[in-house]
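Below is one structure, written out as structure tokens; the observations come after it.
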Amino acid sequence: MDAYELLTRNAEEVVTDEEVRDLAEDPEGKRAYVGYEPSGVLHLGHLLTANKLIDLQEAGVEVVILLADAHAYLNEKGSLEEIRATAEQMKAQFLAYGLDEERTEFVYGSTFQFDEAYTRDLHTLEQATTMNRAQRAMAEIQGDETAKVSHLVYPLMQTLDIEYLDLDLAVGGLDQRKVHMLAREKLPELDYEVRPAIHTPILADLTTGEGKMSSSEGVTISMEDSTDDLEEKVNSAYCPPTRDPEPDDEGNERENPVLELFEYHVFPRFDEVVVERPEKYGGDLTYEGYEALAADLESGELHPADAKGTLATYLDELIAPGREKLREIRG
RNA sequence: CCGCCCUUAGCUCAGACUGGUAGAGCAGUCGACUGUAGAUCGACUUGCCCCCCGUUCAAAUCGGGGAGGGCGGACCA
């Protein structure tokens, strides 16, 4: 797989394609980042962007993971001390998941975001940004909480992080899109360079196929899940035998979350997927890519129940090292 | 600083005027049906009624105080 393909595969959006093509010409030594609010337990949402980071490393790009302790503080996730403790757990889980320790730089936001130069730039950016714009950028991240001044500062800091971490590329879920667009617009106003962004999709809710998987309620698969938890959660997933399900009665678009998990979590990490099936149902099946599996589900060759069992097995394998790490950390 | 409105189940809200220890829809859980899930049937669960004090035989409801949230307070009309 060539560098451009590694950078863009499974991406929902690439901004801009020309800039990323340029980057792919000579990826060695270039720097890309994702910022995460520290969390004690990684879930599939984190792992989806981590998959992209693994792709980037394979293409020769240096990866920076911003452990965004100051951002989490702004977002009222606890004291800086508490936040840093969970950040350490997060770091350990990322490495267990498969990020290359030699090529991954973990940076605490608080180590540079309180510096004088940064703070001055932040205030300049505050002058250059309307409240309306900052709030719109933050809306996806903020959720239902009442808007505070901290919520307006939050995306402005993300904008500056891209400059201060000396990056060539910003990576994030599609929920980060407005923040990255704000950054692309504002960085030149401070005489800094524009950087491209790559956005991963937001996967559908497991049980309904609608909306987002980790939208507050809903079932989330995380590093904490036992093998049994995984089986139970995957088994209860919405899974019609098709890749584009009909909208529900209220007209909401639906995806097939089981197929999405195969596409975005399983196939990027495994060259071959084996469906173990009793003779009664036709015996084992082997897939080397997502398309073939999706086509078989669509045709009826692969029954959803067998797809689910297989999915749970592979997700379990992906999560196992992180789960073990968590167990160690917690004693 | 001043004024008005809101706070009841996980969510959206009814009930308050005319005190009698709470309801609906959605969600959720469990069965039936499908070799998955959903849909569809059938059953079930859910509450410091924001907090404190007071009135009362009795307070979600009335009175006082407080907290959290929303909105308004130039000019013109």
Side-chain angles (χ1 to χ4, degrees), chain A residues 43-45 74-78 131-132 134-136 138-152 154 201-222 224-267 273-287 290-319:
Chain A
H43 57 65
L44 287 186
L74 285 177
N75 218 3
E76 299 176 68
K77 297 294 169 62
M131 294 208 286
N132 183 27
Q135 196 164 6
R136 281 195 294 128
M138 189 60 188
E140 287 290 320
I141 302 165
Q142 183 185 332
D144 291 334
E145 287 179 44
T146 305
K148 309 267 180 62
V149 174
S150 55
H151 290 131
L152 304 184
Y154 191 111
I202 302 297
L203 301 192
D205 180 84
L206 199 55
T207 55
T208 65
E210 296 167 7
K212 310 174 183 181
M213 183 160 71
S214 48
S215 63
S216 58
E217 293 302 303
V219 173
T220 308
I221 290 173
S222 80
E224 272 185 325
D225 287 320
S226 68
T227 303
D228 286 348
D229 290 338
L230 283 174
E231 270 178 29
E232 193 178 321
K233 288 180 179 181
V234 172
N235 182 48
S236 67
Y238 173 67
C239 185
T242 171
R243 59 182 102 189
D244 46 14
E246 294 294 313
D248 73 5
D249 295 339
E250 285 145 22
N252 299 311
E253 286 300 323
R254 285 192 285 202
E255 304 299 328
N256 184 321
V258 171
L259 283 181
E260 285 192 332
L261 293 180
F262 270 112
E263 183 174 13
Y264 293 104
H265 286 284
V266 177
F267 281 106
V273 170
V274 177
V275 177
E276 292 183 12
R277 215 165 50 165
E279 283 308 321
K280 165 185 170 190
Y281 293 129
D284 294 359
L285 291 167
T286 300
Y287 297 101
Y290 167 72
E291 280 307 320
L293 183 147
D296 272 6
L297 187 83
E298 190 101 48
S299 74
E301 174 63 27
L302 173 63
H303 191 277
D306 293 321
K308 283 181 173 181
T310 305
L311 178 61
T313 301
Y314 281 86
L315 289 179
D316 188 57
E317 195 169 327
L318 284 172
I319 280 165

- Item | Between P of B/U36 and CD of A/Glu276, the distance in whole Å | 20 Å
- Given the P atoms of B/G25 and B/U46, what is the spacing between them in whole Å? 15 Å
- When we call it a touch if two heavy atoms are under 4.0 Å apart, what does A/Pro257 touch: a base, just sugar-phosphate, or nothing? nothing
- Note on the structure: Across all chains, not counting sequence neighbours, the salt bridge (Lys or Arg N to Asp or Glu O under 4.0 Å) partners of A/Glu76 are A/Lys148
- Message: Looking at B/C11, which nucleotide sits across from it as a Watson-Crick or G-U wobble partner, both distances under 3.5 angstrom, or is there none?
- Response: B/G25
- Message: Going by salt bridge (Lys or Arg N to Asp or Glu O under 4.0 Å), name the residues that satisfy it together with A/Arg254, two or more places apart in sequence or in a different chain.
- Response: none
- Aromatic ring pairing A/Phe267/A/Tyr290, orientation class (parallel under 30°, perpendicular over 60°, tilted between): perpendicular
- Between B/G38 (P) and A/Tyr238 (OH): distance, integer Å: 10 Å
- Note on the structure: If pairing means Watson-Crick or G-U wobble with both distances under 3.5 Å, then the partner of B/A77 is none
- Message: Partner lookup for B/A16, please. Criteria are Watson-Crick or G-U wobble with both distances under 3.5 angstrom; report none if nothing qualifies.
- Response: none
- Message: Tell me which nucleotide, if any, is Watson-Crick or G-U wobble paired with B/C71 when both distances must be under 3.5 Å.
- Response: B/G3
- Note on the structure: Test side chain to side chain donor-acceptor pair (under 3.5 Å), reference A/Lys233, set A/Asp228, A/Thr207, A/Asp225, output is A/Asp225
Only distances under 3.5 Å count here; give the side-chain donor-acceptor pairs of residues 300-309 of chain A to other protein atoms, sequence neighbours excluded, each with its distance to 0.1 Å.
residue: A/His303; atom: ND1; partner: A/Ala305; partner atom: N; Å: 2.9
residue: A/Lys308; atom: NZ; partner: A/Asn235; partner atom: O; Å: 2.9
residue: A/Lys308; atom: NZ; partner: A/Ala237; partner atom: O; Å: 2.6

- Which one is paired to B/C48, where only Watson-Crick or G-U wobble pairs with both distances under 3.5 angstrom count? none
- Could you list the residues that satisfy side chain to side chain donor-acceptor pair (under 3.5 Å) with A/Ser226, not counting sequence neighbours? A/Asp229
- Task: Can you sort out the partners of A/Glu232 under side chain to side chain donor-acceptor pair (under 3.5 Å), two or more places apart, ordered by chain and number?
- Result: none
- Taking only residues two or more places apart in sequence or in another chain, which ones pass salt bridge (Lys or Arg N to Asp or Glu O under 4.0 Å) with A/Glu224? A/Arg330
- Item | Test side chain to side chain donor-acceptor pair (under 3.5 Å) applied to A/Arg136 - qualifying residues, sequence neighbours left out | none
- Round to the nearest Å and state the distance from A/Leu206 atom CG to B/G38 atom P. 11 Å
- Query: Quantified in whole Å, what is the P atom distance between nucleotide B/G15 and nucleotide B/U61?
  - Reply: 15 Å
- Query: Taking the C1' atom of each, how far is B/A9 from B/A14, in whole Å?
  - Reply: 13 Å
- Message: In whole Å, measure the gap between the C1' atoms of B/A67 and B/C51 for me.
- Response: 7 Å
- Query: With A/Glu298, which residues qualify under side-chain contact (heavy atoms from CB on, under 4.5 Å), at least two apart?
  - Reply: A/Thr242, A/Arg243
- Spacing of A/Glu76 atom CD relative to B/G69 atom C1', expressed in whole Å: 14 Å
- Query: For A/Pro245, does its backbone N or O pair with a side-chain atom of A/Asn256 as donor and acceptor, under 3.5 Å?
  - Reply: no
- Determine the interatomic distance between P on B/C57 and the same-named atom on B/A74; round to the nearest Å. 49 Å
- Task: For nucleotides B/C62 and B/G68, find the distance between their C1' atoms and express it as a whole number of Å.
- Result: 23 Å
- How long is the line joining NZ of A/Lys233 and P of B/U29, in whole Å? 13 Å
- Whether A/Glu260 side chain and A/Ala204 backbone form a donor-acceptor pair below 3.5 Å: yes
Under 3.5 Å, which N/O atoms of the protein pair with N/O atoms of nucleotides 39-45 of chain B?
none

Just the table, please: protein N/O against nucleotides 32-35 of chain B N/O, every pair under 3.5 Å.
residue: B/G35; atom: O6; partner: A/Asp306; partner atom: OD2; Å: 3.3
residue: B/G35; atom: N1; partner: A/Asp306; partner atom: OD1; Å: 3.4
residue: B/G35; atom: N1; partner: A/Asp306; partner atom: OD2; Å: 2.7
residue: B/G35; atom: N2; partner: A/Asp306; partner atom: OD1; Å: 2.8

- Query: If we take the P atom in both B/C6 and B/C50, what is their distance in whole Å?
  - Reply: 13 Å
Find every protein N or O atom lying less than 3.5 Å from an N or O atom of nucleotides 25-27 of chain B, and list the pairs.
none

- Message: So, using side chain to side chain donor-acceptor pair (under 3.5 Å) as the criterion, who are the partners of A/Asp284 when residues are at least two apart?
- Response: none
- Query: CG of A/Asp205 versus C1' of B/G38: gap in Å, rounded?
  - Reply: 13 Å
- Query: Separation of A/Leu259 atom CG from B/A37 atom P, in whole Å?
  - Reply: 17 Å
- Could you please name the partner base of B/U56, counting Watson-Crick and G-U wobble pairs only when both distances are under 3.5 Å? none
- Message: With a 3.5 Å limit on both atom pairs, tell me what B/A39 is paired to, counting Watson-Crick and G-U wobble, or say none.
- Response: none
- Query: What interatomic distance, in whole Å, is found between C1' of B/G69 and the corresponding atom of B/U29?
  - Reply: 32 Å
